[in-house]
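What's counted below: heavy atoms across the whole structure, side chains too, no hydrogens, waters or symmetry copies. Residue numbers begin at 1 in each chain, while the letters A, B, ... track the order of the sequences.
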Amino acid sequence: MTTPTPSAAAGPALHSAVLDWYSQHGRDLPWRDPDCTPWGIYLSEVMSQQTPVARVQPVWERWLQRWPTPAALAADSPGEAVRMWDGLGYPRRALRLWESARVMVEQHGGQVPRDHEDLLALPGVGAYTAAAVASFAYEDPRTVVDTNVRRVLARTVTGTQHAAPALTAAEMRLAQASMPADRDDANAWNAASMELGALICTARSPKCLECPVVHLCAWQLAGRPEHEGPARRGQAWHGTDRQVRGRIVQLLRESPDPVSRGALGTAWPDDESKLERCLAALVDDGLVEPRGGDRYSLPS
DNA sequence: TAGGCGTGGCT
DNA sequence: TAGCCAAGCCT
């Protein structure tokens, strides 16, 4: 089966403009420090999945201070990882981080693996994170495709306001075809195109007046056409299982000791069956551990 | 492959 | 104000 080549891709002019912009305007994030370890970079990538940088940074500092290596984290309890996760959201990421630290100790000599396939095999690591760690920690220029890159390419190359709701094969091919040939440029492009999407080419109100590539942006040249097709539906929140789960885990995070079933009931007083279902699901997920005596805690 | 999975800041 | 949105992953 043949894979069609994209009719257009980011070229040298786009590359150099974005790379120049990044060298001047890229944020001075601690995990971009040349002395940052692969473990520090790995932590930053997982924490940043669906969570803004501003909230990640203080938690990242605390994690790295307490657990400077994969072995240090693996030697602690998964519950402590969930507790230290604080309010970053999606606490299963903390659990998978702990599990992946154990895999690093048992299978990779206590190091973040270099090999792309080994990275992809870690729990909680998908296509984006594997490529990002390979590129940013080990200068292995994999194609990094996150929501920022997708939006930047959708606008500058494809000429549409938004990328598709979910990553498509065509987008992946476009991103691969858009990588600079030079290895160092490719790694810098991965960071720079993400950064442009995060700071300038934003989803809601893009700062086109400040954009370094506004003069060659396909969406701009087409007159900034409005998004066509069905409106993207946001996630429901109030009254969902996720809200209830969040409250239960928050109660357990804030308590140094196991919490009684009765006390957990305050997480959702109006619907006992919903609370019971969410608690059971959390236990099933490994985020909550029954301790006997009708008490519960984070996993030990 | 569409939907579940947290949290909080911004407009 | 009430959505919208944020460096995704997993099933």
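- Among the protein residues, A:Ala132 comes within range of no part of the nucleic acid, since none of its heavy atoms lies under 4.0 Å from any strand.
- Using a 4.0 Å heavy-atom cutoff across all strands shown, A:Gln250 reaches no nucleic acid atom at all.
- A:Leu282 pairs with exactly one of A:Val244, A:Asp241, A:Leu264, A:Val288 by the side chain to side chain contact (heavy atoms under 4.5 Å, CB included) rule, that one being A:Val288.
- Note on A:Thr240: nothing from the nucleic acid sits closer than 4.0 angstrom, heavy atoms only.
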**Message:** Pair A:Arg142, A:Glu117 - check salt bridge (charged side-chain N to carboxylate O under 4.0 Å, His left out), show working.
**Reply:** CA-CA 12 Å; A:Arg142 298 281 164 172; A:Glu117 292 302 313; 5.8 Å; no
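- A ring pair (Phe, Tyr, Trp, His ring centres under 6.0 Å) with A:Trp85 is found for exactly one of A:Trp63, A:Trp98, A:Trp60, namely A:Trp63.
- At the heavy-atom level, A:Trp31 lies under 4.0 Å from base atoms of the strands shown.
- OP1 or OP2 of B:dT7 lies within a sub-4.0 Å distance of a side-chain N or O belonging to A:Arg253.
- Taking every side-chain heavy atom of A:Thr129 into account, C:dC9 is the closest of C:dA7, B:dC5, C:dC9.
- The gap from the P atom of B:dG8 to that of C:dC9 amounts to 22 Å, rounded to the nearest Å.
- Within 4.0 Å of A:Val46, counting heavy atoms only, lies no atom of the nucleic acid at all.
- For C:dA6, the base is anti relative to its sugar; the glycosidic angle deviates from 0 by more than 90°.
- Using a 4.0 Å heavy-atom cutoff across all strands shown, A:Ala127 reaches sugar-phosphate atoms only and no base atom.
- At a cut-off of 3.5 angstrom, the base of B:dG8 holds no donor-acceptor pair with the side chain of A:Thr51.
- Annotation: of the two residues near DNA chain C, A:Ala203 and A:Arg96, the 5′-most nearest-nucleotide partner is A:Ala203.
- On the P atoms, B:dT11 is 15 Å away from C:dA7, given to the nearest whole Å.
- When heavy atoms are screened at a 4.0 angstrom cut-off, A:Leu167 is found touching no nucleic acid atom at all.
- Atom CD of A:Gln24 sits in a crowded spot, with more than 12 heavy atoms from other residues, nucleotides or ligands closer than 6.0 Å.
- No contact: A:Thr202 has no heavy atom under 4.0 Å from any strand.
- Residue contacts shown for A:Leu282 are absent, as no nucleic acid heavy atom lies under 4.0 Å away.
- Side chain of A:Asp241, nearest nucleotide from C:dA7, B:dC5, B:dT7: B:dC5.
- A donor-acceptor contact under 3.5 Å is formed by the side chain of A:Arg204 with the base of C:dC4.
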**Message:** I'd like to know whether A:Tyr90 forms a side-chain contact (heavy atoms from CB on, under 4.5 Å) with A:Gln49, so could you lay out the CA-CA distance, the side-chain angles of the two residues, the decisive distance to 0.1 Å, and finally the verdict.
**Reply:** CA-CA 9 Å; A:Tyr90 295 140; A:Gln49 293 167 2; over 6 Å; no
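- Note: the hydrophobic cluster containing A:Val105 does not contain A:Leu122 (ILVMFWY, side chain heavy atoms under 4.5 Å, direct or indirect links).
- Across all strands shown, A:Pro91 has heavy atoms under 4.0 Å from sugar-phosphate atoms exclusively, and none from any base.
- Phosphate proximity of B:dT7 to A:Arg242: absent, as no side-chain N or O sits under 4.0 Å from OP1 or OP2.
- Atom CZ in A:Arg291 sits 4.0 Å away from atom OG in A:Ser297 (nearest 0.5 Å).
- OP1 or OP2 of B:dC10 has not a single side-chain nitrogen or oxygen of A:Arg55 nearer than 4.0 Å.
- Contacts of A:Arg150 with the nucleic acid, taken as non-hydrogen atoms under 4.0 Å apart, are absent.
- Using atom C1' as the reference point in both C:dC5 and B:dG6, the two lie 13 Å apart (nearest Å).
- Side-chain N/O atoms of A:Gln49 include none lying less than 4.0 angstrom from OP1 or OP2 on C:dG8.
- Comparing A:Val249 and A:Ala166 by the nucleotide of DNA chain B whose heavy atom lies nearest to each, the residue mapping closer to the 5' end is A:Ala166.
- Of all nucleotides listed (B:dG4, C:dA7, C:dC5), B:dG4 comes nearest to the side chain of A:Arg92.
- Each of A:Val53 and A:Leu122 has a nearest nucleotide on DNA chain C; the 5'-most of these lies closest to A:Val53.
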